[in-house]
Peer 1: 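Just passing along the structure, written as structure tokens.
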Amino acid sequence: MKNSDIAKVFYDIADLLDLKGENMFKVRAYQKAARAIELWPRDLEAMVREGEDLREIPGVGEAIAKKIADLVTTGKLELYEQLRQEFPTGVVSLLDIPGIGPRTAVRLAKELGVKSVVDLEQAATDGRVAALPRMGPKTAENILDQIQALRRKDQRIPIGEALPAVEAVQAALRQIPGVHNLTPAGSLRRFRDTIGDIDIMGTSDRPEDAIQAFTSLPQVSQVLAKGPTKASVILGGGLQADLRFVEHDSFGSLLQYFTGNKEHNVILRDHFRRQGLKLSEYGITDMKTERLEKFATEEAFYQRLGMQWIPPEIREAQGEIELALEGTLPKLVEISDVKGDFHIHTDWSDGQNSIEDMVLAAKARGYQYAVISDHSIGRGIARGLSAERLRQQKEVITEVSKKTEGFRIFTGVELDIRADGSLDLPDDVLAGIDVVTASVHSGMGQTTERMTQRVIRAMESPHVDIIAHPTCRLIGTRQPVNIDMEEVFKAALRTGTLLEINAMPQRLDLKDAHAYRARKLGIKLVVATDSHRTDHYDVMRYGIGVARRAWCQAGDILNSQPASDIEAFFRSDKGQRLR
DNA sequence: GCCGTTTTCGGCCCGACTGTTTTCAGTCG
């Protein structure tokens, strides 16, 4: 049973307890635990097997620890089974409809006999919903709208689509007079790999006018809510966008308030509430004197609280608040630390630009080096290179090198790992290549056992330096392959193999939680773009976003080191590299 | 149900907006 499966059970329990009318703090405790389980970097089933204390997971105490143990050992949970008998699954599914919470769901079930979304649609259509006390025609209409929206609902969208969409909205908003400081907040600012909705913060002396202009933008297809300081709309593409304004001198608190994930915010506000301070989007209120202190910048806000500014990417309730209070946050890797790219395709395989173009573009970015890593022969569809073509390519690279003094071009290959774990090119060829990156491109339906052994076998080759996009996921399009990443991590440490954070926004693979775990174990990572054109180098920012979410410092990322160190690294004996 | 530099008991983040009803409960983020 995977952590995500366990988390699902506890989320469900929270919903069911909520429907039941249980103490809301108990409900919240289950939600908090579910979220912590979801984010927990280690396999819970393994922890239970090895008799480790689950209470080290924040939000998991004695009772939930026992329930987790029961669940993974027996596959069942008494409380869960009981609750599910009390409420038909259809009633729980009503909670998926925005605007319907536990109170409304239970009322609909009790008073109208609604047991599914289809039942509800009927009841809203024939007027029964509108006839209920404290409901009305508008409520019924909203329910129908939301059901429609739910049916065509795209799931969360990849950050690579959300960021450009936000930039377009921001550009439009900048045209509105008196609007300043437009900044995306929420999961986008935290660089999560997928985004549920867009949050944009800003300041305005006349927020009503700005809100009015926002809701009238041509991109807006529906206005969900509109007040004097905030509005929620649906954009043409189906994406929800929330806009929020405060006065200029409160902008720091606003941004802070809407950036952290829910759990982070709860912990932070709770911590300072105990000290008599109330944190809100307007500033910090001393609860004794009722005096509100405002902050124009986040830096000033954190300084007032006596803590370090926390990078947005790690405002996820993973211990960052405690460290910021102590003043011991790590200095995270930055995009400006990147000194080269390890995963670059050219027109020798399926890339669109020549070696020279790719190299010049890398140099123009201020990089010191690049690894040319075209596909190997097994990728026929990508015009993968044979041993002979690799030899020819090496000659061209030598020629290009002469024209780009001071820039180091490493020879490389993105080597196919075959279905049985054997490699796509012979050892003597691989031995002549500076940097060998291996990856899976076929046979993705294998069992966990087979896929894990397949990748580990490749890692055991003395010539394979890096494993690229280890889970092969394509966000929203292809599920990750079945692979035991904990075993892959062990093999990486044992063999001295590096792991890639593939920066293509549809991949982001390693994902944040995997990169976090790998970094913690002491595995060296590379952040690489998998560029197939010169402008693909831009996606480095997404990969660095993942590295930052994994709490990586520059020293954890090999391509933040200068060319001379890279040279020495790959010349060294592979088995000694991580020691 | 969880948790502790106020607490092992008594708390548990904070505010905007909606719909329906005249003061607020419910929901959301």
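What you see below is based on every heavy atom in this structure, not just the backbone, and it leaves out hydrogens, waters and symmetry mates. From a predicted model like this one, the values you see are computed outputs, not experimental measurements. So that the names make sense, note that chain A is the first sequence line, chain B the second, and so on, each numbered from 1.
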Peer 1: Looking at residues at least two apart in the chain, or sitting in another chain, which of them share a ring-ring contact (aromatic ring centres under 6.0 Å, His included) with A:His469?
Peer 2: A:His441
Peer 1: By the 4.0 Å heavy-atom rule, please label A:Met135 as base, sugar-phosphate, or nothing.
Peer 2: sugar-phosphate
Peer 1: Base, sugar-phosphate, or nothing: which does A:Asn265 touch, judged by heavy atoms less than 4.0 Å apart?
Peer 2: nothing
Peer 1: Return the 5'-most residue of the pair A:Asp199, A:Arg55 with respect to DNA chain B, ranking by each residue's nearest nucleotide.
Peer 2: A:Arg55
Peer 1: Going by the salt bridge (Lys or Arg N to Asp or Glu O under 4.0 Å) test, which pairs reach into residues 252-262 of chain A, not counting sequence neighbours?
Peer 2: none
Peer 1: For A:Arg134, give me all partners under salt bridge (Lys or Arg N to Asp or Glu O under 4.0 Å), at least two apart in sequence or on another chain.
Peer 2: none
Peer 1: Considering every strand and a 4.0 Å limit on heavy-atom distances, what is the contact class for A:Leu279: base, sugar-phosphate, or nothing?
Peer 2: sugar-phosphate
Peer 1: Verify whether one side chain among A:Glu320 and A:His264 offers a donor that lies under 3.5 Å from an acceptor in the other.
Peer 2: yes
Peer 1: Answer yes or no: does a side-chain N or O of A:Asn23 lie under 4.0 Å from OP1 or OP2 of B:dG1?
Peer 2: no
Peer 1: Output one line per pair: protein atom, nucleotide atom from nucleotides 5-8 of chain B, and distance, for all N/O pairs under 3.5 Å.
Peer 2:
| unit_1 | atom_1 | unit_2 | atom_2 | d |
| --- | --- | --- | --- | --- |
| B:dT7 | O4 | A:Arg274 | NH1 | 2.7 |

Peer 1: May I ask you to verify if any side-chain N or O of A:Arg28 is less than 4.0 angstrom from the OP1 or OP2 atom of B:dC13?
Peer 2: yes
Peer 1: So which pairs with a foot in residues 160-171 of chain A pass side chain to side chain donor-acceptor pair (under 3.5 Å), sequence neighbours left out?
Peer 2: none
Peer 1: Round to the nearest Å and state the distance from A:Tyr11 atom OH to B:dG1 atom C1'.
Peer 2: 16 Å
Peer 1: On a whole-Å scale, what distance lies between the C1' atoms belonging to B:dG10 and B:dG15?
Peer 2: 24 Å
Peer 1: Once you apply the 3.5 Å cut-off to both distances, tell me the Watson-Crick or G-U wobble partner of B:dG4, or none.
Peer 2: B:dC9
Peer 1: Between B:dC9 and B:dC14, how far is it from one C1' atom to the other, in whole Å?
Peer 2: 25 Å
Peer 1: Does A:Glu52 pair with A:Arg49 as a salt bridge, N-O distance under 4.0 Å?
Peer 2: no
Peer 1: Work out how far the P atom of B:dG4 is from that of B:dC13, and round it to whole angstrom.
Peer 2: 14 Å
Peer 1: Keeping to residues at least two apart or across chains, list the side chain to side chain donor-acceptor pair (under 3.5 Å) pairs with something in residues 299-308 of chain A.
Peer 2: A:Gln256-A:Tyr302, A:Glu293-A:Arg304, A:Tyr302-A:Arg315
Peer 1: Distances under 3.5 Å only, N/O to N/O: pair up the protein atoms with those of nucleotides 22-26 of chain B.
Peer 2:
| unit_1 | atom_1 | unit_2 | atom_2 | d |
| --- | --- | --- | --- | --- |
| B:dG26 | O3' | A:Thr104 | OG1 | 3.3 |

Peer 1: Would you jot down, in residue-number order, the residues of residues 62-96 of chain A having a non-hydrogen atom under 4.0 Å from DNA chain B?
Peer 2: A:Glu62, A:Ala63, A:Ile64, A:Lys67
Peer 1: Of the candidate nucleotides B:dG15, B:dC13, B:dG1, which contains the atom at the shortest distance from the side chain of A:Val266?
Peer 2: B:dC13
Peer 1: With a non-hydrogen cut-off below 4.0 angstrom, is A:Val27 in contact with a base, only sugar-phosphate, or nothing?
Peer 2: nothing
Peer 1: Could you please name the option among B:dG1, B:dG29, B:dG15 that lies closest to any side-chain atom of A:Glu281?
Peer 2: B:dG15
Peer 1: Which pairs of donor and acceptor atoms, one on a side chain in residues 80-105 of chain A, lie under 3.5 Å apart (sequence neighbours left out)?
Peer 2:
| unit_1 | atom_1 | unit_2 | atom_2 | d |
| --- | --- | --- | --- | --- |
| A:Tyr80 | OH | A:Asp12 | OD2 | 2.8 |
| A:Gln82 | NE2 | A:Glu78 | OE2 | 3.3 |
| A:Ser93 | OG | A:Gly90 | O | 2.6 |

Peer 1: Can you find a side-chain donor-acceptor pair between A:Thr471 and A:Asp509 that sits under 3.5 Å?
Peer 2: yes
Peer 1: Which whole number of Å gives the distance between the P atom of B:dC3 and that of B:dT8?
Peer 2: 16 Å
Peer 1: So, OP1 or OP2 of B:dT20: does either fall under 4.0 Å of a side-chain N or O from A:Thr139?
Peer 2: yes
Peer 1: Go nucleotide by nucleotide along DNA chain B from the 5' end; which of A:Lys230 and A:Phe25 gets its closest nucleotide reached first?
Peer 2: A:Phe25
Peer 1: Just checking A:Lys262: base, sugar-phosphate only, or nothing, at a heavy-atom cut-off of under 4.0 Å?
Peer 2: base
Peer 1: Grab the CZ-P distance between A:Arg35 and B:dG29 for me, whole Å please.
Peer 2: 14 Å
Peer 1: I'd like to know if the side chain of A:Asn3 reaches the main chain of A:Arg42, judged simply by a donor and an acceptor atom lying under 3.5 Å from each other, with no hydrogens or angles considered.
Peer 2: yes
Peer 1: Using the ring-ring contact (aromatic ring centres under 6.0 Å, His included) criterion, which residues pair with A:Phe301? Sequence neighbours excluded.
Peer 2: A:Phe295
Peer 1: May I have the distance from A:Asp145 (atom CG) to B:dG19 (atom C1'), rounded to whole angstrom?
Peer 2: 14 Å
Peer 1: In whole angstroms, how far is the P atom of B:dC14 from the CE atom of A:Met24?
Peer 2: 12 Å
Peer 1: Can you check the A:Ile57 CD1 to B:dG1 P distance for me, whole Å?
Peer 2: 17 Å
Peer 1: List for me each residue that meets salt bridge (Lys or Arg N to Asp or Glu O under 4.0 Å) alongside A:Glu322, sequence neighbours excluded, and say none if there are none.
Peer 2: none
Peer 1: Does A:Glu38 have more than 12 heavy atoms from other residues, nucleotides or ligands lying within 6.0 Å of its CD?
Peer 2: yes
Peer 1: Taking only side-chain N and O atoms of A:Tyr282, does any of them lie within less than 4.0 angstrom of OP1 or OP2 on B:dA16?
Peer 2: yes
Peer 1: Just how far, in rounded Å, is C1' of B:dC17 from NZ of A:Lys226?
Peer 2: 13 Å
Peer 1: Suppose you measure atom P in B:dC17 against the same atom in B:dC12; what distance do you get, rounded to whole Å?
Peer 2: 25 Å
Peer 1: Touch check for A:Ser232, heavy atoms < 4.0 angstrom, all strands: base, sugar-phosphate only, or nothing?
Peer 2: nothing
Peer 1: More than 12 heavy atoms of other residues, nucleotides or ligands under 6.0 Å from CZ of A:Arg273: is that the case?
Peer 2: yes
Peer 1: Could you give the distance separating B:dG1 and B:dT5 at their P atoms, to the nearest angstrom?
Peer 2: 23 Å
Peer 1: Considering only atom P, compute the distance from B:dT20 to B:dT27 and round it to an integer number of Å.
Peer 2: 14 Å
Peer 1: Just to confirm, is there a sub-4.0 Å distance from OP1 or OP2 of B:dC17 to any side-chain nitrogen or oxygen of A:Thr229?
Peer 2: yes
Peer 1: Can you tell me, in whole Å, how much space there is between the C1' of B:dG26 and that of B:dT21?
Peer 2: 14 Å
Peer 1: Provide, to the nearest angstrom, the distance between the CG atom belonging to A:Leu277 and the C1' atom belonging to B:dC14.
Peer 2: 14 Å
Peer 1: Quickly work out the A:Ile267 CD1 to B:dC13 C1' distance and round it to whole Å.
Peer 2: 11 Å
Peer 1: Please enumerate all residues that pass salt bridge (Lys or Arg N to Asp or Glu O under 4.0 Å) together with A:Asp193, with sequence neighbours excluded.
Peer 2: A:Arg473
Peer 1: Of all the choices, B:dC2, B:dC17, B:dG15, which nucleotide is nearest to the side chain of A:Ala29 once you look at every atom?
Peer 2: B:dC2
